[in-house]
There are 2 protein chains.
Amino acid sequence: MNFQQLKIVRETVRRGYNLTEVANALYTSQPGVSKNIKDLEDELGVELFVRRGKRLLGLTEPGKELLETVERILRDAQNLRNIADQFASREQGSLTVATTHTQARYALPEVIKQFKARYPQVHLALHQCSPREIVEMLLAGEADIGIATEAIEGVAELVSFPCYSWHHAVIVPQGHALTQLPALTLDAIAAYPIVTYHEGFTGRAHIDKAFAAAGQAVDIVLSAIDADVIKTYVEIGLGIGIVAPMAFNPAKDTGLALLAADHLFDDNTTRLAVHRGVYLRDYARQFVTMVAPGVDEKVLQKALNGGE
Amino acid sequence: MNFQQLKIVRETVRRGYNLTEVANALYTSQPGVSKNIKDLEDELGVELFVRRGKRLLGLTEPGKELLETVERILRDAQNLRNIADQFASREQGSLTVATTHTQARYALPEVIKQFKARYPQVHLALHQCSPREIVEMLLAGEADIGIATEAIEGVAELVSFPCYSWHHAVIVPQGHALTQLPALTLDAIAAYPIVTYHEGFTGRAHIDKAFAAAGQAVDIVLSAIDADVIKTYVEIGLGIGIVAPMAFNPAKDTGLALLAADHLFDDNTTRLAVHRGVYLRDYARQFVTMVAPGVDEKVLQKALNGGE
DNA sequence: TATCCTTACGGAATTCGTAAGCATG
DNA sequence: CATGCTTACGAATTCCGTAAGGATA
């Protein structure tokens, strides 16, 4: 048994049981991949993969059971390297954060500025992607930290911490009729075409839920990934927007007005997530505490080691 | 990084940093051991061991931090083999139980008889040793299951379950003066020379504690590992015995009488322990439920995966 | 001086990639 | 017939043991 064999098993599952792809991904030859799998199966005395003829189709029962442990071993092997790096150069290394447009654009810049000042030697990579992709990256070990409002909770392999809570707000052109209302209602909003987030992004589910609960049909004329797009179309009069309030900048968005709607939509909690059982370098822990203020060393330590 | 290097690191710590011993233990050459350590240190970029000149003295800070993960990786590697064996042959394999004389001689025979009948193909090895050695064996992965009354609780790496509780009893020759007393007292016992267990065995601490709390000095004329020795000397009149009651067999120990002393000594709980994070084969789980009746599949599953 | 570790070197074993062959959709 | 896996074989690399050398209690 060796690490290469285990890596191949993991990658085979991830790549949908295509050994040619696995070989490419691991920069090795395809026959080598085949042989490694066969050797490991021989050593363990069980078939890991279901085959039809020569093709691999999926994991056998023992394969499924073994996979978890294989993944933990490989994660731990990576942990060894990370721990060693931590001691070799405390202030140096890299940190990959996967997050959504909303966080990257509005919530994180301040934190990142501070982090960069504190750890100038750390190479910080910010990956903008969808909430689901964030989860994927964390699971695959391609990102150290994920930050999003959606998709994070309920993934057993991840530990997550709340960063901050917020409510959607309505954004309209300056002087819009809605600005005259004493208090916003769902009915009033639904009278206009709506521009808001795509499904699966930035609390969209809570928006749908509120209207559905009110039995109110809504005309969503544009669903976008990010608030900048939404604001653009609100500004040209396509409809009114429902956005995260941190996307509104009074100084810059002079043609627009933000109307609070805390009472209309459920609140959203943006969360930070890491993979259970990973070792976080000091600077990564620091980053976590900067983004999720309720988290201190003890909480983090406990959460990382399987607690919670 | 490879498994051999990790094994060498683990074994180096276990063998007190003597690489020659490590080489022997792992059936390899000593220069090979040196090289493997050096290679791993080079790859990780940190020194794992503190050296004076050429000798190794202990772990460095990074070494200590890394060791835990190294041990988990190696344990998981063993888990892979065990899981595979489980599927390859569900009813076949081996099970190593480390336990004390008291359990092996009086508590376990019945269980083992049943187990053998149920799993005739499983090679069951029973290691009789001291409670501390039991813990050592579990920590080193040399035993799958440990059963003892002492030393098990308070070892963080182990999960343990209560098997049964019992109180020490007094054993005297037939017709002894103590048999005439309506109720036994510590004072009455302390008037005689005492024959009982060695420190660290079979609840001895509770015996000392009871007398200490009563301010009663006792004359322990013989301390033995097992009740058979104790009974032998009680029978020849060396003193009176304090033993675990399951050691008394009315049919066979005809020259002796057992006197209950539940009210005099704290109760003892015999516990079964396994190493946290190990994979237990089906038959091993079965063995656990046979010995620790309160434990079912769910409890066990949860306990093995890091939860309390 | 005995113990213990390192370096050096040569042989053995393993690994790995290329080429060829075969099954499957 | 293109894709995907296996077998076969030779080269390269890695691994491992022996021998010799140096430091330390």
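The shown structure was predicted, so the numbers you read here are calculated from the model rather than taken from an experiment. The analysis underlying the following values was restricted to heavy atoms, covering all of them including side chains, and did not include hydrogens, waters or symmetry mates. In the text below, chain A, chain B and the rest are named by the order of the sequence lines, each starting its count at 1.
Taking the nucleotide of DNA chain C with the nearest heavy atom to each of B:Pro31 and A:Pro31, the more 5' of the two is matched to B:Pro31. Between A:Arg52 and A:Tyr27, the residue whose closest nucleotide on DNA chain C is further toward the 5' end is A:Tyr27.
Across the protein-nucleic acid pair, A:Phe3 atom CZ and C:dT14 atom P stand 19 Å apart, rounded to whole Å. One atom, CG of A:Asp39, and another, P of C:dT15, lie 7 Å apart when rounded to the nearest Å. Atom C1' of nucleotide C:dC5 and atom CD1 of B:Ile37 are separated by 10 Å, given to the nearest angstrom. In this entry the distance linking CG of A:Leu56 with P of D:dG4 reads 12 Å, nearest Å. Taking atom CD of A:Glu21 as the reference point, atom P of D:dG4 lies 8 Å away to the nearest angstrom. The interatomic distance linking B:Leu19 (CG) with D:dG22 (P) rounds to 20 Å, in whole Å. Atom-to-atom, OH of B:Tyr17 to P of C:dT6 comes out at 15 Å; the value is rounded to the nearest Å. A:Arg51 has its CZ atom 16 Å from the C1' atom of C:dC22, to the nearest Å.
Residue contacts shown for A:Gly32 are absent, as no nucleic acid heavy atom lies under 4.0 Å away. Nucleic acid contact class of A:Gln30 (heavy atoms, under 4.0 Å, all strands): base. Within 4.0 Å (heavy atoms only), B:Lys38 reaches sugar-phosphate atoms of the nucleic acid but no base atom.
Between A:Phe49 and A:Tyr17, the ring-plane angle classifies as perpendicular under the 30° and 60° cut-offs. Note on ring orientation: taking the six-membered ring where Trp is involved, the planes of A:His198 and A:Phe201 are perpendicular (angle over 60°, cut-offs 30° and 60°).
Residues B:Asn82 and B:Gln78 bring a donor and an acceptor atom of their side chains to less than 3.5 Å of each other.
Picking from C:dG17, D:dT6, C:dC5 the nucleotide with the shortest atom distance to the side chain of A:Ser29 gives C:dG17. When distances run from any side-chain atom of B:Ser34 to the nucleotides D:dC16, C:dT6, D:dG4, the shortest one goes to C:dT6. Residue A:Arg55 has its side chain nearest to D:dT3 when only D:dT6, D:dT3, C:dT7 are considered.
In this model, the phosphate group of D:dC15 is approached by a side-chain N or O of B:Asn2 to a distance below 4.0 Å at OP1 or OP2. Between A:Thr20 and D:dC5 there is a side-chain polar atom (N or O) within less than 4.0 angstrom of OP1 or OP2. Here A:Asn18 does not reach the OP1 or OP2 of D:dT3: none of its side-chain N or O atoms lies under 4.0 Å away.
In this structure a side-chain-to-backbone donor-acceptor pair under 3.5 Å is missing from B:Asp76 to B:Asn79.
Taking a cutoff of 4.0 Å between a charged side-chain nitrogen and a carboxylate oxygen, B:Arg118 and B:Glu91 qualify as a salt bridge.
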